[in-house]
Undergrad: 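Before anything else, here's the structure in question.
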Amino acid sequence: MMEPLLYKLTWPEVEEYLRRQDIILLPTGSTEQHGRHIAIDNDTFTAFEIAKRVAEKTGVLVAPPIPYGNSIHHMRFPGTITLTFNTLVKVYKEVCMSLLKHGFKKIVILNGHGGNINAIDQAIREIREETGAMVYNVMVFPMEKGFGSESFKVLEQEGGGHACEMETSIALYLGQRVLMEKAEKMKKKLTEFDEKYMGKVSTAINFDEITENGNLGDPTLATKEKGRIMVEAMVEEISQFIEDLKKI
């Protein structure tokens, strides 16, 4: 089997791959705080690890991961690095346009950070309008209405969504740097007004205004076994999508 990482190949090897396959995976995430217990690179780390596992099952290539995202709402926690929305749109667009130019006709962005979704959607819309090419966007964490929805049922926490039971479990299974002794339930900073209208009204709230320790949910409930169940479900379902994509 050919080396699955694009950046470990020579250009003639890429040329050879393109004679028989036109799909490439593009992992992306963020460099942002993940509570007191998970390494800052976790979104990118997770996207890349899922991409490598999908590549192994499907025989497609993985592009170099894009490690920065739109993380302005985490900037009050040290270590976070953010790109503005417009910059991020340009990054996604220009990377994809480079890949399209070489003959990768089906690009699948594997995204590990919710804050990137709008920028990815804008980039892939512009690409579609300008070139006609379809670029696909897939979240690498299980969603109740997305890939891995059944595996989502292993979770016990209320709420969640960042450095929580789900993300911590997946990090444990994938071998990320996790300091479980530092994991703690979300320490809420929301006011009574915030609680009343959360989910009904949107505003430019920062993460430190929501949680004192930087995480949501309850990461103390995380286990490696829960992570295994979710990762295996995600890899299987994304791989099936890739196999179906090969046919069109």
Side-chain angles (χ1 to χ4, degrees), residues 27-53 65-83 110-117 139-144 146 148 151-192 194-195 198-199 204-235:
T28 187
S30 69
T31 299
E32 66 180 30
Q33 71 86 21
H34 275 75
R36 295 191 170 108
H37 63 291
I38 306 181
I40 286 170
D41 74 333
N42 196 59
D43 290 343
T44 307
F45 172 87
T46 303
F48 192 35
E49 289 298 316
I50 296 293
K52 287 189 288 185
R53 285 163 171 77
I66 298 173
Y68 303 117
N70 191 331
S71 302
I72 188 68
H73 47 303
H74 291 282
M75 278 298 288
R76 294 183 186 177
F77 291 93
T80 299
I81 298 173
T82 190
L83 298 181
L110 296 184
N111 178 33
H113 175 51
N116 294 340
I117 293 173
M139 281 295 295
V140 298
F141 290 105
M143 309 287 287
E144 287 186 89
S151 71
F152 205 81
K153 295 176 181 178
V154 303
L155 300 177
E156 303 171 70
Q157 67 183 1
E158 293 182 14
H162 185 74
C164 56
E165 178 191 7
M166 175 185 68
E167 195 166 1
T168 305
S169 294
I170 289 172
L172 286 169
Y173 177 68
L174 291 177
Q176 173 64 293
R177 183 169 187 258
V178 181
L179 308 178
M180 279 304 290
E181 70 277 9
K182 301 285 187 181
E184 54 188 358
K185 193 173 182 179
M186 172 189 181
K187 291 185 177 179
K188 289 186 180 181
K189 291 181 70 176
L190 293 170
T191 65
E192 184 178 338
D194 293 332
E195 293 269 20
M198 182 69 71
I205 195 167
N206 294 311
F207 229 71
D208 61 294
E209 296 170 317
I210 300 172
T211 166
E212 179 183 319
N213 49 5
N215 63 268
L216 305 178
D218 189 356
T220 66
L221 299 172
T223 68
K224 189 174 180 179
E225 175 61 14
K226 291 174 183 175
R228 180 191 65 78
I229 292 169
M230 289 184 283
V231 167
E232 289 183 356
M234 291 302 296
V235 170

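Values reported hereafter were calculated over all heavy atoms of this structure, with side chains retained and with hydrogens, waters and symmetry mates removed.
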Undergrad: Rounded to the nearest 0.5 Å, how far apart are CE of Met186 and OG1 of Thr220?
TA: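 These two atoms lie 14.0 Å from each other.
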Undergrad: For atom NZ of Lys224, decide whether the heavy atoms of other residues, nucleotides or ligands shown that lie under 6.0 angstrom number more than 12.
TA: no
Undergrad: Got a donor-acceptor contact below 3.5 angstrom from the Thr44 side chain to the Ser30 backbone?
TA: yes
Undergrad: Flag yes if more than 12 heavy atoms outside Glu158 fall under 6.0 Å of its CD atom; otherwise flag no.
TA: no
Undergrad: With a 3.5 Å distance limit and no angle check, can you tell me whether Arg53 reaches the backbone of Glu49 through a side-chain donor-acceptor pair?
TA: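 Yes: the side chain of Arg53 pairs with the backbone of Glu49.
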Undergrad: Does any N or O in the side chain of Thr28 come within less than 3.5 Å of the main-chain N or O of Ile66, such that one atom is a donor and the other an acceptor?
TA: yes
Undergrad: Tell me whether Thr80 contacts the main-chain N or O of Met75 through its side chain, where contact means a donor paired with an acceptor under 3.5 Å.
TA: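 Checking the backbone N and O of Met75 against the side chain of Thr80, no donor-acceptor pair under 3.5 Å is found.
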Undergrad: Will you find, in the side chains of Asp43 and His34, an N or O donor that is under 3.5 Å from an N or O acceptor?
TA: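 Yes, side-chain donor-acceptor contact under 3.5 Å.
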Undergrad: Go through it in stages, so that I can follow the logic: the residues are Lys189 and Asp194, the test is side-chain contact (heavy atoms from CB on, under 4.5 Å), and I'd like the CA-CA distance, side-chain angles, deciding distance and then a yes or no.
TA: CA-CA 9 Å; Lys189 291 181 70 176; Asp194 293 332; over 6 Å; no
Undergrad: Decide if atom CE of Met180 counts as having more than 12 heavy atoms of other residues, nucleotides or ligands within a radius under 6.0 Å.
TA: yes
Undergrad: State whether the side chain of Asn213 and the backbone N or O of Lys187 hold a donor-acceptor pair below 3.5 Å, judged by distance alone.
TA: yes
Undergrad: So, taking the atom named CD1 in Ile50 and the one named CG in Leu174, what distance separates them when rounded to the nearest 0.5 Å?
TA: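 One gets 5.5 Å once the value is rounded to the nearest 0.5 Å.
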Undergrad: How many angstroms lie between NZ in Lys153 and CE in Met230, if you round to the nearest 0.5 Å?
TA: 14.5 Å
Undergrad: How close do Asn70 and Asn116 get, heavy atom to heavy atom, and via which atoms?
TA: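 Heavy-atom minimum between the residues: N-OD1, 3.0 Å.
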Undergrad: Walk me through whether Ile210 and Leu216 qualify under side-chain contact (heavy atoms from CB on, under 4.5 Å).
TA: CA-CA 9 Å; Ile210 300 172; Leu216 305 178; 4.1 Å; yes
Undergrad: Is the shortest heavy-atom distance from the side chain of Ile170 to the side chain of Pro142 under 4.5 Å?
TA: yes
Undergrad: For Gln176 and Asp41, run side-chain hydrogen bond (donor to acceptor under 3.5 Å, both in side chains): C-alpha distance rounded to whole Å, both residues' side-chain angles, the deciding distance at 0.1 Å, then the answer.
TA: CA-CA 9 Å; Gln176 173 64 293; Asp41 74 333; 2.8 Å; yes
Undergrad: Please check this pair: side chain of His162 against backbone of Gln33, looking for a donor-acceptor N/O pair closer than 3.5 Å.
TA: yes
Undergrad: Nearest 0.5 Å, please: how far is CD in Glu225 from OG in Ser169?
TA: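 Going from the OG atom of Ser169 to the CD atom of Glu225 covers 10.0 Å.
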Undergrad: Return the set of residues passing salt bridge (charged side-chain N to carboxylate O under 4.0 Å, His left out) with Arg177 (not counting sequence neighbours), or none when no residue passes.
TA: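 Partners of Arg177 by the salt bridge (charged side-chain N to carboxylate O under 4.0 Å, His left out) criterion come out as none, since no residue qualifies.
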Undergrad: Suppose the criterion is salt bridge (charged side-chain N to carboxylate O under 4.0 Å, His left out): which pairs have a residue in residues 162-176, not counting sequence neighbours?
TA: Glu165-Lys226
Undergrad: More than 12 non-hydrogen atoms from neighbouring residues, nucleotides or ligands closer than 6.0 Å to OH on Tyr173, yes or no?
TA: yes
Undergrad: For the residue pair His113 and Ser71, what are the closest heavy atoms and their distance?
TA: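 So the minimum-distance heavy-atom pair works out to NE2-OG, 3.7 Å.
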Undergrad: How close do Cys164 and Gly160 get, heavy atom to heavy atom, and via which atoms?
TA: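 Here Cys164 and Gly160 meet closest at CB-CA, 3.8 Å.
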Undergrad: I'd like to know if the side chain of Asn215 reaches the main chain of Glu184, judged simply by a donor and an acceptor atom lying under 3.5 Å from each other, with no hydrogens or angles considered.
TA: yes
Undergrad: Locate the shortest heavy-atom distance separating Ala233 from Gly148; write the atom from each residue and the value.
TA: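 Ala233 and Gly148 have their closest heavy atoms at CB-CA, 4.4 Å.
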Undergrad: Heavy atoms only: give me the nearest Asn42-Phe141 pair and the separation to one decimal.
TA: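 Smallest interatomic distance, heavy atoms only, reads ND2-CZ, 4.4 Å.
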Undergrad: Do His74 and Thr82 have side chains that approach each other closer than 4.5 Å (heavy atoms only, starting at C-beta)?
TA: no
Undergrad: Find out whether Thr223 and Leu172 are in side-chain contact, i.e. whether some heavy atom of one side chain is under 4.5 Å from a heavy atom of the other.
TA: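 Result no, sub-4.5 Å side-chain heavy-atom pair not found.
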Undergrad: Would you say that Val140 contacts Phe48 through its side chain, given a criterion of any heavy-atom pair below 4.5 Å between the two side chains?
TA: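 Sidechains of Phe48 and Val140: no contact.
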Undergrad: To the nearest 0.5 Å, what is the distance between OG1 on Thr46 and CG on Leu110?
TA: 11.5 Å
Undergrad: Contact between Glu156 and Asp218 at the side-chain level, heavy atoms closer than 4.5 Å - yes or no?
TA: no
Undergrad: Give, for atom CG of Leu83 and atom OH of Tyr68, the distance between the pair rounded to the nearest 0.5 Å.
TA: 8.0 Å
